[in-house]
> 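Below is a structure I'd like to ask you about.
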Amino acid sequence: MQMANRDKWINKNTTNHEAKEYLVTNLSLQFYIKTLNTIFEVDSKVMKPLNKFSEYLYKKAEKLLPKDDGEKYYWRYRFFNYFYVRGTDGYVPDYNPYHPKPLTKEQKEIFDSMYEVIKGLAISPIKDKNINEEKYKVYIATSNYYTTYRFVPYGKYVVTRLSDRNRVAFKDKTFMQKNKNILEWTQRFQREYKKDKKLKEFIDKSNPILGVSYSIVINDLAEDILFKMIIDKNLKCNNKMIDIYIDSSKSLVFKDSPLSHMSKSQQEIVKDFTFNTDFSQLTVYKLNKQCNKKIELGYPSDEWIKNELPSIKKRWLNQDDSDSLHVKLSEYLNDGSKSINIFR
């Protein structure tokens, strides 16, 4: 195993060999951590000694990497973030979507680390060609996790419904700015990988969950930005975000989209949690009524407009909480709990 990793990462086509001596050793250690992680959570007492040794090796390597090289963010993902991103829904310690609590110190460190990796991969050049290619996979895995759980830090604001935390989040300038940053970076990375025939084949067809995740992240964050405009009553029909939102929705369902290369059941899950939330339905309803933007994807049924829209408009557009006790929590769950994040 050690020799195979050395042959792959330390050769004439790679860079930063001195740092990679530590990184290759860490990769061998990761085999055992990953095996144990099938039984124990990554932050359990059983895993702690191995995690500490992995952190030691990573820090030794990081000191030897150029400060302006984004390679360190790739390895930060491989050795740490990966174990929270992997799995069907990803893993957030001490988290129950139906019973949110104030953010723990450990959760904050995880979310901060995720954003640090996302930003680092997006703005820092990477000299090693192999890692520079790998970043398109690691970036979207991390961005998908971060976007899926973006409202978790606002759990302490839940009073009667989960949407309370979303309301607070939308008023947080830092939250909205991070959303805008990730949206911009994800659009750029999507454009770049689609220009590379080999990468496009790998991401869109061989591993379509990656290609789908690019569209989902763009769709979710564009929807956040539009939804804030709607509740603030400052939506302008010529805003470019509308086209970004519509295009991201269409990119999920066109004939040869990455989604078309997934199983039928996975396709239905993606469509359901993307187009059938109250947020998405209210957004496309407003875009149609106010801006005459004909959006068929996720457009609410007549029954929804008649029975659900009035209370939702009161809740979001008039800031009226009078009906809050009469609505199920699950109806306002918008934290991506149906995620099919299957990076393993």
> Please enumerate all residues that pass salt bridge (charged side-chain N to carboxylate O under 4.0 Å, His left out) together with Lys195, with sequence neighbours excluded.
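Result, salt bridge (charged side-chain N to carboxylate O under 4.0 Å, His left out) vs Lys195: none returned.
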
> Which residue pairs satisfy the salt bridge (Lys or Arg N to Asp or Glu O under 4.0 Å) criterion with at least one member in residues 92-102, sequence neighbours excluded?
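The answer is Asp94-Lys101.
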
> Listing request: all disulfide bond (SG atoms under 2.5 Å apart) pairs with a residue in residues 157-256, at least two apart in sequence or in separate chains.
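Output for this query lists Cys237-Cys291.
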
> Please enumerate all residues that pass salt bridge (charged side-chain N to carboxylate O under 4.0 Å, His left out) together with Lys200, with sequence neighbours excluded.
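Testing Lys200 for salt bridge (charged side-chain N to carboxylate O under 4.0 Å, His left out), a comparison that skips the adjacent residues, returns Asp204.
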
> In chain order, what residues pass the salt bridge (charged side-chain N to carboxylate O under 4.0 Å, His left out) check against Glu133, with sequence neighbours excluded?
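Result, salt bridge (charged side-chain N to carboxylate O under 4.0 Å, His left out) vs Glu133: Lys198.
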
> Tell me, which pairs form a disulfide bond (SG atoms under 2.5 Å apart) where one or both residues lie in residues 122-206, sequence neighbours left out?
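Disulfide bond (SG atoms under 2.5 Å apart) check on residues 122-206 returns no pairs.
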
> Taking salt bridge (charged side-chain N to carboxylate O under 4.0 Å, His left out) as the test, write out the residues that go with Asp7, two or more places apart.
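Salt bridge (charged side-chain N to carboxylate O under 4.0 Å, His left out) list for Asp7, sorted by chain: empty.
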
> Partners of Asp172 by side-chain hydrogen bond (donor to acceptor under 3.5 Å, both in side chains), sequence neighbours excluded?
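Testing Asp172 for side-chain hydrogen bond (donor to acceptor under 3.5 Å, both in side chains), a comparison that skips the adjacent residues, returns Tyr154.
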
> Pairs in or reaching into residues 36-48: which pass side-chain hydrogen bond (donor to acceptor under 3.5 Å, both in side chains), with residues at least two apart or in two chains?
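The answer is Asn37-Arg86, Asp43-Tyr91.
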
> Can any side-chain N or O of Tyr145 pair as donor or acceptor with the backbone N or O of Gly90 at less than 3.5 Å?
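Side chain of Tyr145 to backbone of Gly90, a donor-acceptor pair under 3.5 Å: no, none is there.
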
> With sequence neighbours left out, what residues match Tyr146 under side-chain hydrogen bond (donor to acceptor under 3.5 Å, both in side chains)?
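Once residues adjacent in sequence are excluded, Tyr146 has no partner under the side-chain hydrogen bond (donor to acceptor under 3.5 Å, both in side chains) criterion.
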
> Going by the disulfide bond (SG atoms under 2.5 Å apart) test, which pairs reach into residues 129-180, not counting sequence neighbours?
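Found none.
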
> Check residues 117-129 and write down every donor-acceptor pair under 3.5 Å in which the side-chain atom is one partner and the other belongs to a residue at least two apart or another chain.
| from | atom 1 | to | atom 2 | distance (Å) |
| --- | --- | --- | --- | --- |
| Ser124 | OG | Gly120 | O | 3.1 |
| Asp128 | OD1 | Asn130 | N | 3.0 |
| Asp128 | OD1 | Ile131 | N | 3.2 |
| Asp128 | OD2 | Thr15 | N | 3.2 |
| Asp128 | OD2 | Lys20 | NZ | 3.1 |

